[in-house]
Protein chains: 2
Amino acid sequence: MTGNPCCPPLAEGTISAADAVDLAAVFKALADPVRLRILSALLAADGQICACDFVTTAGKAQPTVSHHLKVLREAGLVEGARRGTWVWYSVVPSRLADVRRALQTELPTTV
Amino acid sequence: MTGNPCCPPLAEGTISAADAVDLAAVFKALADPVRLRILSALLAADGQICACDFVTTAGKAQPTVSHHLKVLREAGLVEGARRGTWVWYSVVPSRLADVRRALQTELPTTV
DNA sequence: TCCTTGTATCGAGAACTGTCAATACATTGG
DNA sequence: CCAATGTATTGACAGTTCTCGATACAAGGA
């Protein structure tokens with residue numbers, strides 16, 4: 001295929017394979033409506049929310065909510081801290097900032 | 001669960017269920033390393049690239065590349081135009097801008 | 001200690017996704 | 001019309017993800 005008349009050599013500045021995998025992993029964590037609503041609720045609360053509230057908010061069973069919180073945790077997007085019986089979750093703002101920055105640097109547009 | 005001593009009522013300003021589904025759909029299209037590399041190559045080319053080049057670039061079979069291009073197309077992130085035998089693809093910058101804006105408005109942080 | 005309540009994990013089923021061989025479609029050139 | 005080349009679709013398989021019931025773990029109160 002290389003050297004075909006239709007195709008110029010690829011331009012420089014493309015995302016590396018490793019970076020693509022990492023960035024895709026974060027997008028994968030964001031690619032679910034339930035998780036987006038959990039993140040949004042956490043941000044709107046301007047602080048922390050206990051995990052018990054997400055069950056009614058998300059309209060999902062408790063194990064399902066726990067699963068989504070685990071995905072967000074493993075993506076570094078939220079943190080959980082136990083206070084007695086309850087676990088309070090909060091977003092990691094710097095991680096969200098990383099996503100925004102990656103969008104700017106890895107997929108830049110002038111528009 | 002509502003009215004539990006641990007949980008204050010949810011704050012306003014959370015993302016709607018419909019918006020969460022839409023935003024998650026775009027993130028889902030971005031949540032794959034191959035598609036990220038295709039987008040990056042398109043942007044780095046500062047114009048258009050024919051589909052045939054992605055086969056060698058992505059290291060995937062031709063039907064696989066065609067599948068990923070279809071996902072990106074249906075997410076509104078790229079457009080394809082036939083020029084004779086070849087199909088030239090280009091990004092839709094406004095769509096990428098929408099993603100950035102949605103990240104700012106739906107998941108805002110001060111950091 | 002037992003009981004209650006909140007959270008996490010396990011296990012299973014359904015649905016979805018990435019991948020590619022085979023095949024069909026589209027376009028150009030002879 | 002036929003052959004060649006680029007692209008899209010189909011079908012199948014493996015792997016992953018979402019979901020929830022059942023269950024285990026954690027912490028506090030009687």
Side-chain angles (χ1 to χ4, degrees), chain A residues 1-8 17 20-21 24-39 42 48-75 77-90, chain B residues 1-8 17 20-21 24-39 42 48-75 77-90:
Chain A
M1 305 288 180
T2 307
N4 269 352
C6 75
C7 306
V21 171
V26 186
F27 282 138
K28 198 173 294 186
L30 292 173
D32 184 280
V34 175
R35 290 197 286 272
L36 287 180
R37 283 174 71 78
I38 288 177
L39 278 177
L42 279 174
Q48 301 188 333
I49 292 185
C50 98
C52 66
D53 226 353
F54 294 128
V55 175
T56 46
T57 303
K60 301 291 177 184
Q62 181 268 326
T64 302
V65 171
S66 190
H67 159 70
H68 286 302
L69 285 170
K70 184 178 184 180
V71 173
L72 291 172
R73 241 170 22 228
E74 292 178 343
L77 290 166
V78 305
E79 286 175 338
R82 188 150 217 139
R83 290 193 204 162
T85 309
W86 302 293
V87 176
W88 294 74
Y89 277 92
S90 57
Chain B
M1 302 288 178
T2 308
N4 269 351
C6 76
C7 306
V21 171
V26 186
F27 282 138
K28 199 173 292 186
L30 293 172
D32 184 279
V34 175
R35 290 198 286 272
L36 286 180
R37 284 175 70 78
I38 288 177
L39 277 177
L42 280 174
Q48 301 188 334
I49 292 184
C50 99
C52 66
D53 225 353
F54 294 128
V55 176
T56 46
T57 303
K60 301 291 176 183
Q62 182 268 324
T64 302
V65 171
S66 190
H67 160 70
H68 286 303
L69 286 170
K70 184 179 185 179
V71 172
L72 290 172
R73 239 168 26 226
E74 292 178 342
L77 289 166
V78 306
E79 285 175 339
R82 188 148 217 140
R83 290 193 204 163
T85 309
W86 303 292
V87 176
W88 295 74
Y89 278 91
S90 58

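Everything numeric in this text was worked out from a predicted model, so none of it was measured. The chains referred to below are lettered A, B, ... by the order of the sequence lines, with proteins before strands, and numbering in each begins at 1.
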> Does a side-chain N or O from B:Y89 land closer than 4.0 Å to OP1 or OP2 of D:dA8, or not?
yes
> Does OP1 or OP2 of C:dG6 have a side-chain N or O of A:R82 closer than 4.0 Å?
no
> Using whole Å, what does the distance between atom P of nucleotide C:dA8 and atom CH2 of A:W86 come to?
14 Å
> Rounding to a whole Å, what distance do you find between B:L72:CG and D:dA8:P?
12 Å
> Which part of the nucleic acid, if any, lies within contact of A:R35, taking any heavy atom under 4.0 Å across all strands shown: a base, the sugar-phosphate backbone alone, or nothing?
sugar-phosphate
> Measure from the side chain of A:P63, starting at C-beta and using heavy atoms only, and say which of C:dT9, D:dG28, D:dC18 lies closest.
C:dT9
> Once you round to the nearest 0.5 Å, how far does CG of B:L39 lie from CG of B:L77?
6.0 Å
> Once you round it to whole Å, what is the distance between P of C:dT17 and CZ of B:F27?
17 Å
> Please give, in whole Å, the distance from C:dT17 C1' to B:H67 NE2?
6 Å
> Does B:T64 place a side-chain N or O at less than 4.0 Å from the phosphate oxygens OP1/OP2 of C:dC20?
yes
> With a non-hydrogen cut-off below 4.0 angstrom, is A:R73 in contact with a base, only sugar-phosphate, or nothing?
sugar-phosphate
> Tell me the interatomic distance from A:L36, atom CG, to D:dC18, atom P, rounded to whole angstroms.
11 Å
> Categorize B:H68 for me: base, sugar-phosphate, or nothing, with a 4.0 angstrom heavy-atom threshold over every strand shown.
sugar-phosphate
> Grab the NZ-C1' distance between B:K70 and D:dT10 for me, whole Å please.
10 Å
> Over all heavy atoms of both residues, which pair between A:L72 and A:A29 is shortest? Give the atoms and the distance, please.
CD2-O, 4.1 Å
> Can you give me the closest heavy-atom contact between A:K28 and A:R35, atom names plus distance?
O-NH2, 3.2 Å
> Which heavy atom of A:A20 sits nearest to which heavy atom of B:L36, and what is that distance?
O-CD1, 3.4 Å
> Using whole Å, what does the distance between atom C1' of nucleotide D:dA26 and atom CH2 of A:W88 come to?
17 Å
> Tell me if a side-chain donor or acceptor on B:R83 pairs with a main-chain N or O of B:C50 at a distance below 3.5 Å.
no
> Choosing from C:dA8, C:dT17, D:dT9, which nucleotide comes nearest the side chain of B:K28?
C:dT17
> When the nearest nucleotide of DNA chain D is assigned to A:A31 and to B:L69 on a heavy-atom basis, which residue is associated with the more 5' position?
B:L69
> Side chain of B:T85, heavy atoms from C-beta onward: which of D:dG6, D:dT7, C:dT17 has the nearest atom to it?
D:dG6
> Measure the distance from CZ on B:R37 to C1' on C:dG18 and round it to the nearest whole Å.
17 Å
